[in-house]
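These numbers come from the heavy atoms of this one structure, side chains and all, not from hydrogens, waters or symmetry mates.
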Amino acid sequence: MKKSVLFGALTVAGVAAGAAAAGTLDDVKARGKLNCGVVTGLAGFGAPDANGEWKGFDVDICRAVAAAVLGDGTAVEFVPTTAKTRFTALASGEIDMLARNTTWTFSRDVDLKFDFIGINYYDGQGFLVPKELGVSSAKELDGATVCIQTGTTTELNLADFFRTNNISYEPVPVETNAEGQQQYVAGACDAYTTDASGLASTRATFEDPTAHVILPEIISKEPLGPLVRHGDNEWGDVVRWTLNALIAAEELNVTSANIGELNAGTDNPEINRLLGTEGTLGEMLGLNADWAQKAILAGGNYGEIFAKNIGETTPIGLARGLNAQWTDGGLLYSPPFR
């Protein structure tokens with residue numbers, strides 16, 4: 001879902017450099033709309049609802065950036081991208097940022113000339129199997145057929161795992177998560193592999209989710225996050241600090257519900273700087289003083305966004321785990337607003 005093999009790296013990098021030179025922040029302001037690359041459809045992370053309105057964890061990151069820059073979280077054009085088209089769409093300037101289950105890797109950062117502006121979900125690759133298969137460990141999948149998206153590094157992770165454990169498998173190539181889900185449900189493969197969060201999302205859409213099991217093995221590190229083009233540092237700062245604002249707001253207990261009250265001023269200088277009631281952080285970014293307020297109001301702080309889209313009370317049912325605040329034993333940590 002998230003990872004693409006590096007074809008045409010030099011071409012993509014060259015296009016990216018040209019697009020970045022244009023100055024994305026000025027382009028977005030002049031256009032009055034953010035063009036945000038998202039997934040083609042993954043419940044809880046990015047998918048249109050019955051009314052055609054995009055909803056999800058990554059979608060809310062897009063809305064927060066639009067609100068920070070334009071003062072309007074609805075001023076977003078969502079551009080669905082696949083594992084194969086996402087990087088070309090970003091490099092060419094078709095989209096201003098990408099927010100769709102994309103793993104931060106060395107080659108994507110360095111060779112493809114993209115900047116990952118932070119991590120919004122710490123993940124890892126897993127396996128989904130029917131409960132009736134009677135398998136309790138991925139190491140028991142010797143000889144299994146495995147649905148896997150082509151052009152992704154999940155292919156490499158899968159090959160490494162089976163080779164390391166001296167077991168064999170037969171890949172069943174699919175292009176998108178929707179196709180993978182369809183093939184898996186039809187019995188074309190014994191197991192489906194992608195990010196564990198994607199597996200939880202996929203399972204939640206089944207008629208009987210309890211008939212399917214996510215196996216305990218996590219076979220890779222998948223730090224997922226939004227990314228922009230190299231060479232456009234001003235725009236990168238805007239997207240990076242918008243994500244940081246959502247993370248810091250949760251740590252500081254600034255929510256979409258109490259932000260109006262806190263806007264009157266608090267005894268906490270960092271809250272005041274975050275909300276723009278003191279200091280000049282907005283001016284440093286080329287934004288209005290209340291940019292972070294607008295971002296938080298668009299969909300809530302990080303915790304609110306997580307809870308309503310993919311949290312334990314949703315059909316996706318994900319626990320915070322590594323994605324808890326550092327103060328709660330997780331890895332989420334925003335640099336100081338000062």
Side-chain angles (χ1 to χ4, degrees), residues 16-38 57-79 86 89-100 102 104 108-109 113-121 224-250 252 254 259 270 273-277 279-302 305 332-338:
T24 309
L25 178 58
D26 290 339
D27 288 347
V28 172
K29 286 181 176 180
R31 190 190 308 130
K33 181 177 64 177
L34 172 73
N35 293 330
C36 196
V38 291
F57 180 78
D58 289 321
V59 166
D60 278 344
I61 301 298
C62 300
R63 294 196 188 282
V65 173
V69 176
L70 302 169
D72 181 2
T74 67
V76 186
E77 179 74 25
F78 293 102
V79 181
R86 55 186 166 173
L90 180 59
S92 68
E94 178 185 355
I95 57 177
D96 304 310
M97 60 178 286
L98 184 65
R100 48 96 60 219
T102 298
W104 189 348
R108 290 173 180 174
D109 191 318
K113 308 301 182 187
F114 295 127
D115 284 344
F116 285 79
I117 56 81
I119 298 168
N120 71 338
Y121 194 92
L224 310 179
L227 57 154
V228 298
R229 291 176 289 273
H230 260 348
D232 196 349
N233 294 347
E234 183 180 21
W235 177 242
D237 286 342
V238 167
V239 180
R240 176 180 300 106
W241 284 98
T242 298
L243 175 59
N244 285 337
L246 302 179
I247 295 171
E250 182 187 18
L252 296 167
V254 177
I259 198 168
E270 185 155 23
R273 289 191 293 267
L274 175 67
L275 299 184
T277 57
T280 59
L281 299 188
E283 182 181 338
M284 295 178 193
L285 283 174
L287 303 177
N288 293 335
D290 63 352
W291 65 277
Q293 288 190 51
K294 298 291 189 183
I296 297 163
L297 284 170
N301 64 30
Y302 180 93
I305 291 172
L332 280 194
Y333 189 115
S334 169
F337 278 76
R338 60 180 314 116

>> Working note: L252 + E270, criterion side chain to side chain contact (heavy atoms under 4.5 Å, CB included); need CA distance, chi angles, decisive distance, verdict.
In response: CA-CA 9 Å; L252 296 167; E270 185 155 23; 4.0 Å; yes
> Between CD1 of I305 and CZ of R63, what distance do you get to the nearest 0.5 Å?
Replying inline: 11.0 Å
> With distance as the sole test, does D109 use its side chain to make a donor-acceptor pair with the main-chain N or O of D115 at under 3.5 Å?
Replying inline: no
> Parallel, tilted or perpendicular for F116 and W104, by the 30°/60° rule?
Replying inline: parallel
> How long is the span from the CH2 atom in W291 to the CG atom in L275, to the nearest 0.5 Å?
Replying inline: 10.0 Å
> Are any of the side-chain heavy atoms of L243 and I117 separated by less than 4.5 Å?
Replying inline: yes
> Is the closest basic N to carboxylate O distance between R240 and D237 below 4.0 Å?
Replying inline: yes
>> Taking the side chain as everything from C-beta on, heavy atoms only, tell me whether V28 gets closer than 4.5 Å to W235.
In response: yes
> Can R31 and D96 be counted as an ion pair, charged N to O under 4.0 angstrom?
Replying inline: yes
> Under 3.5 Å, side chain of N288 to main-chain N/O of D290, donor-acceptor pair present?
Replying inline: no
>> Return the OG1 to CZ distance between T102 and R108, rounded to the nearest 0.5 Å.
In response: 6.5 Å
> Quick check: does any side chain N or O of R229 sit under 3.5 Å from a backbone N or O of F114, one acting as donor and the other as acceptor?
Replying inline: no
> If only atom types and distance count, is the side chain of Y302 paired as donor or acceptor with the main-chain N or O of N120 below 3.5 Å?
Replying inline: yes
> Taking N301 for the side chain and V254 for the main chain, is one N or O donor matched with an acceptor at less than 3.5 Å?
Replying inline: yes
